[in-house]
Amino acid sequence: MKKMRRTLSLFNTLTRRVEPVLPVTEGRISLYTCGPTVYNYAHIGNLRTFLFQDLLKRTFQAAGHQVEHCMNITDVEDKIIRDSQGGLAADTSNEDRHTAMKALTERFTAIFLEDLDALGILRADHLPKATDFVPQMIRLIQDLKAKGLAYVRDGSVYYRIAGFPQYGCLAHLDREGMQVGASVDADEYERDSVTDFVLWKATKPGEPRWDSPWGPGRPGWHIECSAMGMELLGERMDIHSGGVDLIFPHHENEMAQSEGCLGHRWVNHWVHGEFLMVEGQKMAKSLGNFFTLRDLMAKGVDPITLRYAIQSNHYRKVLNFSFEGLRAAENALKRIRAFRVRMEGEGQAGGGPWKASLEPTVRLEQAREVFWAAMADDLNTPEALAAVFMLITYLNAQDDHVALTREERDAVLAFLDETDAIFAAWPHQTSGLDGKVEALIEARRAAKAARNWPEADRVRDQLKALGIVLEDRKDGTTGWRRG
Ligand code: AMP
Ligand code: ZN
């Protein structure tokens, strides 16, 4: 059966409206997410953004779209240079400077990818490192210069924002009141200091460098994403995403660079996730108020519980991190997982008639509809999950009275699989008790096939000790239930 493809809507920072995502190529979504700056451990605030993007990607996939995902690795940038070059002698060769920078960034890239794996975040199709795309960045800067959008000063190249009339439209800057200051060399600055920004930085003593038509130097941060995005996803992409702090100046500048060069719209949907906070403040390395995933794991937190705690809240709402929130997430997951185990097992005889207002399968279809309507409406996870919990409450009560049939149970399990494809938190468990029971049932089947009756009886007793009652069926298969 061909899977139905659903249209999803997302809030677009550019238009400030929830709009349907209508891909440039039917059935295929191109997604660019700004990746980590790899000079230290990611904190769980950073990970909130990557978890929101994983939810976004998985929702499109579950809705029947193919997703081509590019996440860059920022492996040359001010902070990386600060942390990797500090201990080097003044006369260190350029080659050794690059090697030192690479040693730092490769170490933290590996750690970052381990964090993503632990959180069930799917790997991007493209994971380009900025240092592998310097020639593309140089070409893009040359192009901007040829179009009159960039100028050289003292070996650095700057973007001339006066040449791009749309500058400020993503961050909704008031162009009239804009104080256009002198050009800046820093990659990060506030929106009240709108300036010509740097594309290429002339080398300073103590920095790794590349050759360029403007002399030795290194790329600015913003040009990295424009060059990699255009190279790997083409001239028009469907979705570009990051945390809200990237709207300005990073994404504003990316847009000015790419659209200035292309002469047409580059990104259809700009999608930004809100912050993870701690006691009313943004979680940030500079504020020292952060946890890494490893800090939490050392405290016994399951990464998937963190995943759920974050994803069960709407991505455009500020979220306060708390251990209480993690406990609530753990309880919610226990409820869904216990329900799954119940549906995987066989129904009990039941406690008697139940005046159902709706058949279980009708109830299930309603839950599915509500779930998808919520997800399609700007990834409204709280509402989508509420539909799952209502279904669980209803079907648990139903199953207590009149056991759901195997067919009904399987239909419910298919819905749990469908939702787990997005949340990745309640998969079918083959380990634990279920796995052990299945393995023992298989051992008993093999013993019986070999006519080894004492062994078959021994395994049956072992299962009995686990509280499992076996039911040999007419068709030769064996079912089981907790006795
Ligand atoms: P960085 O490694 O600093 O480039 O940041 C990686 C991602 O984390 C970016 O998309 C940021 O917007 C995001 N980010 C940084 N701090 C937070 C926070 N406290 N909550 C959510 N996202 C954040
Ligand atoms: Zn970026």
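Ligands are counted one by one from 1 in listed order, and the atoms in each one are counted from 1 as well.
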Would you mind finding which of [options] brings a heavy atom closest to [atom]?
atom: atom 14 (N) of ligand 1; options: Ile44, Asn46, Asn40; value: Asn46
atom: atom 10 (O) of ligand 1; options: Pro36, Gly243, Ala284; value: Gly243
atom: atom 11 (C) of ligand 1; options: Asn289, Leu319, Asp245, Val278; value: Asp245

Side-chain atoms of residues 272-282: list all donor-acceptor pairs with protein atoms under 3.5 Å, sequence neighbours left out, distances to 0.1 Å.
{"from": "His272", "atom 1": "ND1", "to": "Thr13", "atom 2": "OG1", "distance (Å)": "2.7"}
{"from": "His272", "atom 1": "NE2", "to": "His251", "atom 2": "ND1", "distance (Å)": "2.8"}
{"from": "Lys282", "atom 1": "NZ", "to": "Asp245", "atom 2": "OD2", "distance (Å)": "3.4"}

When you measure from [atom] to every protein heavy atom, which one gives the shortest distance, and what is it?
atom: atom 4 (O) of ligand 1; result: Thr37 OG1, 3.1 Å
atom: atom 20 (N) of ligand 1; result: Leu276 N, 2.8 Å
atom: atom 16 (N) of ligand 1; result: Lys282 CE, 3.4 Å

Query raised in the report: Would you say Gly242 and ligand 1 have an N/O pair spaced under 3.5 Å apart?
Result: no

Requested in this report: Report the C-alpha separation of Asp185 and Tyr158 in whole Å, then their side-chain angles, then the decisive distance to 0.1 Å, and conclude whether the side chain to side chain donor-acceptor pair (under 3.5 Å) test is met.
Outcome: CA-CA 9 Å; Asp185 289 332; Tyr158 299 87; 2.5 Å; yes

Query - Check: Gln311 main-chain N/O paired with Thr381 side-chain donor or acceptor under 3.5 Å - result: yes

Query raised in the report: Do side-chain atoms of Asp196 reach the backbone of Arg160 as a donor and acceptor pair under 3.5 angstrom?
Result: no

[X] heavy atoms, cut-off 4.0 Å: which ligand 1 atoms fall inside?
X: Gly45; value: 17 (C), 18 (C), 19 (N), 20 (N), 21 (C), 22 (N), 23 (C)
X: Met283; value: 16 (N), 18 (C), 19 (N)
X: Glu274; value: 21 (C)

Requested in this report: Decide ring pair (Phe, Tyr, Trp, His ring centres under 6.0 Å) for Phe291 and Tyr41; before the verdict, give the C-alpha distance in whole Å, the side-chain angles of both, and the deciding distance to 0.1 Å.
Outcome: CA-CA 10 Å; Phe291 287 104; Tyr41 293 91; over 10 Å; no

Using heavy atoms and a 4.0 Å limit, tell me yes or no: is [X] in contact with ligand 1?
X: His43; answer: yes
X: Phe50; answer: yes
X: Met277; answer: no

Requested in this report: For the Zn ion (ligand 2), state how many protein N, O or S atoms fall inside a distance shorter than 2.8 Å.
Outcome: 4

Requested in this report: Take His222 and Gln257 through the side chain to side chain donor-acceptor pair (under 3.5 Å) test and state the conclusion after the steps.
Outcome: CA-CA 8 Å; His222 315 299; Gln257 292 162 162; 5.9 Å; no

Report task. Kindly assign one of parallel, tilted or perpendicular to the pair His43 and Phe290, based on the angle between their ring planes and the thresholds 30° and 60°. Result -> tilted

**Report entry** Residue pairs involving residues 17-37 (criterion salt bridge (Lys or Arg N to Asp or Glu O under 4.0 Å); sequence neighbours excluded)
**Finding:** Arg5-Glu26, Arg17-Glu19, Arg28-Glu68

Query raised in the report: With ring centroids as reference points, do Phe108 and Tyr39 lie under 6.0 angstrom apart?
Result: no

Query - Worked check of side chain to side chain donor-acceptor pair (under 3.5 Å) between Trp270 and Glu254 - result: CA-CA 11 Å; Trp270 290 91; Glu254 277 191 46; over 6 Å; no

Query raised in the report: Residues two or more places apart in sequence or in another chain: which of them pass side chain to side chain contact (heavy atoms under 4.5 Å, CB included) with Ala376?
Result: Leu8

Query - Charged N-O contact under 4.0 Å between Glu207 and Arg218 - result: yes

